[in-house]
Amino acid sequence: MNTDRLDHLLTEHLRVDAPREAPVGLLDTVMSRVSQTPQRGRRWRWGTTGTLLAAVAVIVLAVLAGTQLAGLVSRPPDTGPGPSATVSPSATVSPSASSSVAQPSPTPSASPSIAAVPAWIRTGSMLEARADQVATLLGDGSVLVTGGSGQGLSGPLATAERYDPGTRSWSAAAAMNVMRILHTATLLADGRVLVAGGAKSIGETSVAALGSSERYDPVAGTWTLMGAMTAARARHTATLLPDGRVLVAGGSGMDSGSDSLSGAELYDPIGSWAPTGSMLEARTDHTATLLRDGTILVTGGDGARGPQLASAEIYDPSTGTWRPTGSMHVDRSRHTATLLVDGRVLVLGGSSSTGPAKSAELYDPSRGTWTMTADMNGEHFGHTATLLADGTVLVVGGGSSGDLPGTDEIYNPGSGSWRDAPASAAARMGHTATLLRDGTVLVVGGGTPSGLGARSGLLATADLYYPSGGS
C-alpha cells in the first residue's frame, strides 16, 4: 500500500460526517488491506522495520481518531454568547402588540431547547427601546420587529430590526414607509410580511388611525407600499386565512379611542383590499383566532361606547359572514386567546368592567360553548400568552391593579391548573413574545408597569425563556 492510499483511508475515517468504526476495527481494516496490497511487485511482510513502523503509525492515528470522535460526541452544543441563565424567573400575544394573535402559533421545527429547570437568559438588546411594537417570526427563523412607540417625544416609529437566534443579536432592517404603532403584521404564505393600519399619533383620548399598508420582503430587505384599506384602523386584528388571504377586523377609527369599528375587510395577495361582511358588534382590543376548521373566533374587546364585551362571534371565509357563538363568562379587552393543541381556545385576563382580570376560560369549537377554568395566580392585562412545544401556555407580564406586574405563570391544559414560572429579568407591558423554532420564547421591549395600566420607561432589552425537560 502506498502512502497516498494510507492517507486516504485515514482521512476518510477522520471526516466528521463519515461512518465510524471503533479504532480496533479501523486497524483491522487497514491491516487487512495493507497485507493484500502489492508493494513494488511483492506482498507486504510484517517482519520488516518499515512495516512495523507503519503499523504503529496506524494504531496511533486510529486511537487519535477514536479520541476525536469521543470529543465530538461528548462536547456540549454551542449556546452562543450571553450571560448565565437566571433561575427564578409562544401565536399568542396582546392583539395590539403582535400579529401572533391572528395566526396559529408556529410549530418548532426542531426539538425545544431544554434546561434542567425553566430559566430565563438575557439575550442581545434591540437597537432601539420601543413598546406596542409588532414581532413576526420569519421563514428563516429570525424575528422582525416593526414600529411601536419610541422614547420621550419621538412618538410612533418607522424603524424595524431583526433578531438572529444563532448569534443572539439584532441588526437594523429597512425602515417602513410610514411610522406606526398599534398596527398588525402578518406573515404571508410566500414568506413576505404584510403590515396594516395602526396609529400615527396618540393623545390622551384620541387616536389618529392609518389606512395604509405595506409589505416587507425578507430576502430583498425592502418595503413596498400596498393599497389602502377600506377604513383607517388601529388596535384591530389581522388573521391569515387558509387560502392565503388576510382578514382584518374591527379596531379604532379616526375620531377617538372609543370609536370602535364593526367593519372587516380582506387582503388579497395580489395587493388589493375589499370589504367583507361586518362583525355583529364593533370591537377594539379584541382577539381573533384561526380555528382548526378554517373559521375565525373573535372575542371581547371594547364596544362602540367603550364598555368591555363578553360576546364572541365566528367568521366563515367561505361565505364572508359572521354568526354569534356562546358569550364568555367575563367581559374583557386587552386579553389573550391561545389555540391549544386539542383545538380549544384559552382566553386569559384582560381589563373587565370590574377591573383587571385573573380569570380564564375555555372555548370548545365543537360545541360553541365556554367553560371557566382555574384562575391565574395574578391579574394580567396587556400581557402575552405563548403556546409552548409541550402544549402548556406561558403567560408573561402585563399590568395589574397594584403597583407590581402579575407573576409570570404557566397553564397546563391537561390538569387545568396554573403554576408560577421563573420571574423574567424585567417586568414588561406592551411587549411581544415569539415562539422560536428551537422551542424557546423571545420576549422583547415594552414598558415597565407602574400600576393601573400606566408604564414608566421603555425597554430595549430582550429575554429568552427556556422550558425545562419536566415542564
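Quick note: residue numbers are just sequence positions, from 1.
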When Arg428, His431, Met126 are each screened for side chain to side chain contact (heavy atoms under 4.5 Å, CB included) with Val444, the one that passes is Met126
Taking it one step at a time, do Val134 and Val145 satisfy side-chain contact (heavy atoms from CB on, under 4.5 Å)?
CA-CA 6 Å; Val134 182; Val145 167; over 6 Å; no
task = Starting from the C-alpha separation in whole Å, work towards a yes-or-no answer on side-chain hydrogen bond (donor to acceptor under 3.5 Å, both in side chains) for Thr186 and Tyr267.
result = CA-CA 11 Å; Thr186 309; Tyr267 173 80; over 6 Å; no
(Q) Ser212 vs Arg180, test: side-chain contact (heavy atoms from CB on, under 4.5 Å). Steps then yes/no. (A) CA-CA 10 Å; Ser212 63; Arg180 302 176 191 271; 2.9 Å; yes
key: Donor-acceptor side-chain pairing of Ser149 and Asp132 below 3.5 angstrom   = no
Heavy-atom closest pair (Met372 atom, Val330 atom, distance to 0.1 Å) is CE-CG2, 4.4 Å
Note to self: Could you tell me if the side chain of Val441 sits less than 4.5 Å from the side chain of Leu394, heavy atoms only?
What the structure shows: yes
So CE of Met328 and CG of Leu362: to nearest 0.5 Å the spacing works out to 12.5 Å
- prompt: Looking just at side-chain N and O atoms, do His236 and Thr184 make a donor-acceptor pair shorter than 3.5 Å?
  reply: yes
Output for pair (Arg292 CZ, Asp342 CG), nearest 0.5 Å, gives 7.0 Å
Between the CG atom in Leu280 and the OG atom in Ser311, the distance rounded to the nearest 0.5 Å is 8.0 Å
For residues 182-192, the salt bridge (charged side-chain N to carboxylate O under 4.0 Å, His left out) pairs (sequence neighbours left out) are Asp190-Arg192
Pairwise side-chain contact, Glu214 with His183, heavy-atom cut-off 4.5 Å (strictly under): no
Is any side-chain heavy atom of Val395 closer than 4.5 Å to one of Tyr411? no
d(Asp293 CG, Thr295 OG1) to nearest 0.5 Å is 3.5 Å
Does a side chain donor of either Ser366 or Arg344 reach within less than 3.5 Å of an acceptor in the other side chain? no
Heavy-atom side-chain proximity of Thr284 to Leu261 below 4.5 angstrom | no
Of His383, Arg332, His380, Glu409, the one forming a side chain to side chain contact (heavy atoms under 4.5 Å, CB included) with Leu348 is His383
Looking only at heavy atoms, the pair that brings Ser213 and Trp273 closest together is OG-NE1, 3.2 Å
For Glu281, the salt bridge (charged side-chain N to carboxylate O under 4.0 Å, His left out) test, sequence neighbours excluded, returns none
Rounding to 0.5 Å, atoms CG (Leu388) and CD1 (Ile410) come to a distance of 6.0 Å
Between Ala135 and Val143 the two heavy atoms that sit nearest each other are CB-CG1, 4.1 Å
- Query: Heavy atoms, side chains only, cut-off 4.5 Å: are Leu458 and Arg130 in contact?
  - Reply: no
Taking every heavy atom of Ala160 against every heavy atom of Thr146, the minimum-distance pair comes out as CB-CG2, 4.0 Å
* **Salt-bridge contact Arg122-Asp463 (side-chain N to carboxylate O under 4.0 Å)** => yes
Rounded to the nearest 0.5 Å, the CG atom of Leu225 sits from the CG atom of Asn177 at a distance of 4.0 Å
Side chains of Tyr315 and Thr239 only: does a donor on one sit below 3.5 Å from an acceptor on the other?
no
- Message: Within the structure provided, determine whether Leu309 and Asp331 are in side-chain contact (heavy-atom separation under 4.5 Å).
- Response: no
For Ser424 and Asp408 the tightest heavy-atom approach is OG-OD2, 2.8 Å
Any chance the side chains of His286 and Ser333 put a donor and an acceptor closer than 3.5 Å? no
### Message
Between Arg283 and Thr237, do the side chains contain a donor N or O and an acceptor N or O under 3.5 Å apart?
### Response
no
**Asked** Do you see a donor-acceptor pair shorter than 3.5 Å between the side chains of Arg162 and Ser142?
**Response** yes
#### Entry: Test item: His335 and Gln308 side chains (from C-beta on) under 4.5 Å apart, heavy atoms
no
Report the C-alpha separation of Glu361 and Thr373 in whole Å, then their side-chain angles, then the decisive distance to 0.1 Å, and conclude whether the side-chain contact (heavy atoms from CB on, under 4.5 Å) test is met. CA-CA 5 Å; Glu361 43 192 309; Thr373 187; 5.6 Å; no
The side chain to side chain contact (heavy atoms under 4.5 Å, CB included) partner of Tyr363 among Val347, Leu346, Thr371, Thr325 is Thr325
For Arg168 and Ile121, the nearest pair of non-hydrogen atoms, with its separation, is NH1-CG2, 4.0 Å
Assess whether side-chain contact (heavy atoms from CB on, under 4.5 Å) is satisfied between Ile296 and Ile314, documenting all intermediate values. CA-CA 5 Å; Ile296 292 85; Ile314 298 283; over 6 Å; no
From CA spacing to verdict: salt bridge (Lys or Arg N to Asp or Glu O under 4.0 Å), Asp268, Arg245
CA-CA 5 Å; Asp268 189 293; Arg245 295 178 298 169; over 6 Å; no
Apply the test side-chain hydrogen bond (donor to acceptor under 3.5 Å, both in side chains) to residues Thr287 and Thr299: give CA-CA distance (whole Å), side-chain angles for both, the deciding distance (0.1 Å), then the verdict.
CA-CA 5 Å; Thr287 66; Thr299 69; 2.5 Å; yes
side-chain hydrogen bond (donor to acceptor under 3.5 Å, both in side chains) filter on Arg233, not counting sequence neighbours, yields Glu265
- Item | Check: Ala374 main-chain N/O paired with Trp418 side-chain donor or acceptor under 3.5 Å | yes
### Query
Can you find a heavy atom in the side chain of Leu194 that is under 4.5 Å from one in the side chain of Tyr216?
no
